[in-house]
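Working notes, structure below.
What's counted below: heavy atoms across the whole structure, side chains too, no hydrogens, waters or symmetry copies. Counting convention: from 1, in listed order, for ligands and their atoms alike. All residue numbers in this chain count up from 1 along the given sequence. Just so it is clear, the model here is predicted, and its values are computed rather than measured.
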Amino acid sequence: MSDLGKLKIGIACYPLVGGSGILASALGMELAERGHQVHFFSYAKPVRLQLGHPNLHFHPVSVSKYKLFEYADYTLPLAVKIAEVADHEHLDIIHAHYAVPHATAAYIAKRMAKQDKLRIVTTLHGTDTTLLGRDPNYRPAIEYSLQHSDVVTTVSESLRRDSEKVFDIGKPMRVVHNFFKAGKTTRSREEMRLELGIDDQMMLFHASNVRSVKRVDLLLKALSLCKSKPRLKLLVLAGDSFDEHRETVRELGLEDMVMVRTNGYPIENYIAASDLGIYTSQSESFCLSILEGMFLGRASLAFRVGGIPEVMEDGVSGLLHTFGDCQALADSIDALEADRDRVAQMGEAGKTRANTHFTADAIVPKYEAVYREALEL
Ligand code: GMT
């Protein structure tokens, strides 16, 4: 740590279009702005990480593909890179975003590094608990890595409760909610809607990696049950291939309603062009996409799962329904299609809530406090 209390922080995360990598990137950029030295570790540059700030550094991790290995190993090269940089740069903290394999690599790195003051903070993001934490091939290794993290945080109360049921780590977990900082839109709403072929229809919006936990099948089913179908469009910003859902779109006769974009950047342009978010996940620790919508004044409809009720307030900044109740979701879409003023009111309420609770200025100091706590241990 420097005399001025600025830290040297390593961040290990996934580089893909996934909430944990997005949050880690945003956090790193904010920490750099606040005068800390931030070193990113990943196998590719995280998609939303904008390098260029003198305090931001990226250390790519190369994986060797030996013939003997049926599955290339990433954990060890990641640990080696973290240890090398920790020694060279005198890192204070390694912040592992998503336990597998980042927390394990951080622990190995700490044991290898010559500097004994290195502290590990691990943030659980969701499926590292809810999916991998229940997998007997992973659970003991995750638990061990969390036990050897100095501080463990989760992105919602709900995920903390779930994680404490799954893992016995011998210390309390801390909740630090996610944050978002909206960038400026680069194209107007009118221009975007023209390009998407939308006039005055209500444009529903869904952004996710469209994997099975997101239950895109239920999203499409709810859409098919709407009476206002001719006046609706759905835009899916898919972080992964949408191919496996195309058959369902055809079966339900939704071809004319559903638009899919796999490279939806900047996301702000698409959200601003839309009217209402829609999320049907069976499990969601936070749902960063709902928060992104809130910052741009867009309300969402969702199933009441995981941390979603901590992000948006039912009936105020959006509407929540019991998981799986596609008819209730469809009824809400119909009601809101007929009452655009209510959609706008909920959007404004969400924006106020987002700007009160989930800004970088509200959340980043909480991580800084966690780092200082870890260093005092
Ligand atoms: O499920 C995803 O969308 C990706 C995953 C990740 O870790 O990259 O998202 C998880 O972390 C996000 C950021 O903290 C949360 O907003 C998501 O709710 C969470 N996803 C799940 O728990 C399914």
Going by the order shown, which atoms of ligand 1 are within less than 4.0 Å of some heavy atom of [X]?
X      : value
Gly18  : 8 (O)
Ser283 : 23 (C)
Asn209 : 1 (O), 2 (C), 3 (O), 4 (C)
Asn178 : 13 (C), 14 (O), 16 (O)

Regarding [X] and [Y], is there a side-chain donor-to-acceptor distance under 3.5 Å anywhere?
X      : Y      : answer
Ser228 : Asp334 : yes
Thr123 : His95  : yes
Tyr144 : Thr104 : no

Would you check, one step at a time, whether the test salt bridge (Lys or Arg N to Asp or Glu O under 4.0 Å) holds for Asp92 with Lys8?
-> CA-CA 5 Å; Asp92 299 297; Lys8 295 182 176 176; over 6 Å; no
Identify the protein heavy atom lying closest to [atom], giving its residue, its atom name and the separation to 0.1 Å.
atom                    : value
atom 14 (O) of ligand 1 : His125 ND1, 2.6 Å
atom 5 (C) of ligand 1  : Gly19 N, 4.0 Å
atom 21 (C) of ligand 1 : Glu284 OE2, 3.6 Å
atom 22 (O) of ligand 1 : Ser285 N, 3.1 Å

Among Gln282, Glu284, His245, whose side chain to side chain donor-acceptor pair (under 3.5 Å) with Lys214 holds?
-> Glu284
Please round to the nearest 0.5 Å and tell me the distance separating atom CD of Glu84 and atom CE of Met112.
-> 8.0 Å
Between ligand 1 and [X], is the shortest N or O to N or O distance under 3.5 Å?
X      : answer
Val155 : no
Tyr98  : no
Gly126 : no
Gly21  : no

Between Lys6 and Glu33, is there a salt bridge with N-O shorter than 4.0 Å?
->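 Salt bridge: no.
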Could you go through the ring pair (Phe, Tyr, Trp, His ring centres under 6.0 Å) check for His321 and Phe303 one step at a time?
-> CA-CA 5 Å; His321 292 292; Phe303 288 140; 7.6 Å; no
Mind telling me whether His125 and His97 have parallel, tilted or perpendicular rings, with 30° and 60° as the class edges?
-> tilted
For a salt bridge (charged side-chain N to carboxylate O under 4.0 Å, His left out) with Asp275, tell me which candidate from Lys233, Arg189, Arg298 qualifies.
->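 The option that passes is Arg189.
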Has [X] got any heavy atom lying under 4.0 angstrom from an atom of ligand 1?
X      : value
Cys287 : yes
Thr130 : no
Lys214 : yes

Please say whether more than 12 non-hydrogen atoms of neighbouring residues, nucleotides or ligands are located less than 6.0 Å from NZ in Lys181.
-> no
Side chain, backbone, both or neither: Tyr14 near ligand 1, heavy atoms under 4.0 Å | neither
For ligand 1, note which part of Leu23 has a heavy atom under 4.0 Å away: side chain, backbone, both or neither.
-> neither
